[in-house]
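Have a look at the structure below, then the notes.
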Amino acid sequence: FVHVAAALGHALECAGLCTPEQGTSRRISTATGEQMRLLDVGAGAGDFVLRAFQSGFDTYGIDVSSAARKYADPSINKERLRVANVTDAAVKAKLTGLGGVDVLTAFDFWEHVYYRELPELMAACYEILRPGGIMASIICTRSAPEDDWTIEPGAVATTANSWLLVSGHLTIRLWGDWLTMFQMHGFAPAFDIMTRIQVAFAEEPTMSADKIASWSPRHLVCLRKPVG
């Protein structure tokens with residue numbers, strides 16, 4: 001996650017969306033001089049929340065799992081990592097009250113959501129993102145020869161779906177299908193951010209080939225909330 005935070009910050013800087021400030025404490029600022037606010041959805045124990053905070057973002061994380069929160073680094077402020085859903089009224093009120101978030105991340109999150117719950121979650125993410133803001137996601141997608149998978153609540157394990165139930169993957173679609181769903185909720189593709197993140201990983205000497213592959217065009221989805 002150290003490399004993830006660095007690659008994301010580099011991509012945003014190259015796109016002219018932020019300016020890293022030098023000094024004794026790191027700070028990534030927007031064009032207006034405010035510290036760039038980031039929300040990590042499906043934050044788990046908060047590993048990325050901590051790394052993004054250390055990289056200079058004003059970072060918050062939420063996850064529905066109270067068990068995961070118990071394993072969080074004790075240095076993470078409780079207000080910055082909460083057990084909650086992005087659709088919760090209190091979460092949306094707090095973040096929109098702050099002016100929204102500049103960056104929203106959701107790594108290995110969307111494929112673990114029931115298909116019928118996706119529209120509400122996508123709409124909530126769009127609502128709390130500032131105009132011009134970026135959402136970056138890593139999604140487990142299928143290849144063209146494979147079939148779509150949709151696991152419904154209460155599904156019974158079979159020979160065909162047992163590996164999905166074990167992995168927790170509930171919704172498997174093509175990359176393009178995910179992009180279409182996000183666009184239906186108002187998002188626009190951010191191909192420049194996607195490309196810069198991929199290049200940043202490829203240029204990082206300590207990154208292994210398998211980790212670079214997991215951030216390939218097949219899995220990485222970056223989107224913008226249009227301005228106006």
Side-chain angles (χ1 to χ4, degrees), residues 1-63 68-69 71-82 84 86 91 94-95 98-110 125 128-130 132-139 190-208 210-216 219-225:
F1 278 131
V2 173
H3 300 309
V4 175
L8 180 60
H10 176 70
L12 296 171
E13 180 185 3
C14 290
L17 298 176
C18 72
T19 303
E21 297 178 12
Q22 304 300 319
T24 55
S25 61
R26 296 183 178 181
R27 177 185 168 98
I28 296 177
S29 300
T30 65
T32 60
E34 300 175 271
Q35 188 173 14
M36 184 163 271
R37 186 172 297 118
L38 182 150
L39 174 68
D40 188 33
V41 178
D47 291 347
F48 182 68
V49 173
L50 179 60
R51 300 305 181 187
F53 180 78
Q54 293 171 339
S55 294
F57 291 96
D58 178 19
T59 312
Y60 297 86
I62 55 174
D63 197 289
R69 181 65 180 84
Y71 294 97
D73 189 299
S75 66
I76 302 176
N77 187 295
K78 290 184 178 180
E79 288 300 310
R80 291 190 176 274
L81 182 60
R82 308 183 69 175
V86 71
V91 171
K94 176 179 177 61
L95 293 171
L98 292 172
V101 299
D102 302 288
V103 181
L104 192 151
T105 53
F107 303 138
D108 301 313
F109 169 76
W110 296 104
C125 289
I128 63 178
L129 197 62
R130 287 179 176 175
I134 297 293
M135 181 165 74
S137 300
I138 285 292
I139 308 174
F191 294 114
D192 57 330
I193 301 296
M194 282 188 270
T195 300
R196 292 189 183 280
I197 288 176
Q198 291 158 1
V199 171
F201 272 123
E203 292 179 343
E204 171 53 53
T206 63
M207 290 294 286
S208 59
D210 61 321
K211 291 187 180 299
I212 294 173
S214 69
W215 287 76
S216 71
H219 303 293
L220 177 61
V221 180
C222 293
L223 306 145
R224 274 190 177 86
K225 180 175 181 176

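Just so we're clear, the structure is a prediction, and the values are computed from it rather than from any experiment.
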Inset, instruction - Evaluate salt bridge (charged side-chain N to carboxylate O under 4.0 Å, His left out) for Asp73 paired with Arg51, printing each intermediate quantity in order. - result: CA-CA 11 Å; Asp73 189 299; Arg51 300 305 181 187; over 6 Å; no
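- Note that CH2 of Trp110 and OG of Ser137 are 6.0 Å apart. Values are rounded to the nearest 0.5 Å.
- Distance alone, capped at 3.5 Å, places no donor-acceptor pair between the Asp40 side chain and the Gly61 backbone.
- Between the CD1 atom in Ile139 and the CG atom in Asp108 there is a gap of 9.5 Å [rounded to 0.5 Å].
- Partners of Arg82 under the salt bridge (charged side-chain N to carboxylate O under 4.0 Å, His left out) rule, at least two apart in sequence or in another chain, are Glu79.
- Summarising the geometry, atom CG belonging to Leu39 is positioned 11.0 Å from atom NZ belonging to Lys94; distances are rounded to the nearest 0.5 Å.
- Residues passing the side-chain hydrogen bond (donor to acceptor under 3.5 Å, both in side chains) test with Arg196: none are found, sequence neighbours excluded.
- For the residue pair Leu50 and Ser75, the shortest heavy atom distance occurs at CD1-OG, 3.8 Å.
- Rounding to the nearest 0.5 angstrom, the gap separating the OG1 atom in Thr59 from the CG atom in Leu81 is 11.0 Å.
- Side chain of His219 to backbone of Ile138: no donor-acceptor contact under 3.5 angstrom is found.
- Considering CD1 of Ile134 and CG of Leu17, their distance stands at 5.5 Å, rounded to 0.5 Å.
- Looking at residues two or more places apart in sequence or on another chain, you find a salt bridge (charged side-chain N to carboxylate O under 4.0 Å, His left out) between Asp192 and Arg224.
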Legend entry - Derivation and outcome, side-chain contact (heavy atoms from CB on, under 4.5 Å), residues Asp47 and Tyr71: CA-CA 10 Å; Asp47 291 347; Tyr71 294 97; over 6 Å; no
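- Take Arg130 and apply the side chain to side chain contact (heavy atoms under 4.5 Å, CB included) test, not counting sequence neighbours, and it matches Glu34, Arg37, Asp102.
- The side-chain heavy atoms of Phe48 and Leu38, taken from C-beta on, include a pair separated by under 4.5 Å.
- Within the structure, the salt bridge (charged side-chain N to carboxylate O under 4.0 Å, His left out) test picks out no pair touching residues 11-20 (sequence neighbours left out).
- Residues Asp63 and Ala43 share a closest heavy-atom pair of OD2-N, 3.3 Å.
- Here Leu223 contributes atom CG and Ile193 contributes atom CD1; the two are 11.0 Å apart, rounded to the nearest 0.5 Å.
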Inset, instruction - Show your reasoning for whether side-chain contact (heavy atoms from CB on, under 4.5 Å) applies to Cys222 and Met135. - result: CA-CA 6 Å; Cys222 293; Met135 181 165 74; over 6 Å; no
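- Listed for the Arg69 side chain is no donor-acceptor partner under 3.5 Å among the backbone atoms of Ala45.
- In this structure, Val103 and Met36 have side chains that are in contact, with non-hydrogen atoms separated by less than 4.5 Å.
- For Ala84, the side chain to side chain contact (heavy atoms under 4.5 Å, CB included) criterion is met by Ile62, Asp88, Val91, not counting sequence neighbours.
- The backbone N or O of Gly56 lies less than 3.5 Å from a partner atom in the side chain of Gln35, making a donor-acceptor pair.
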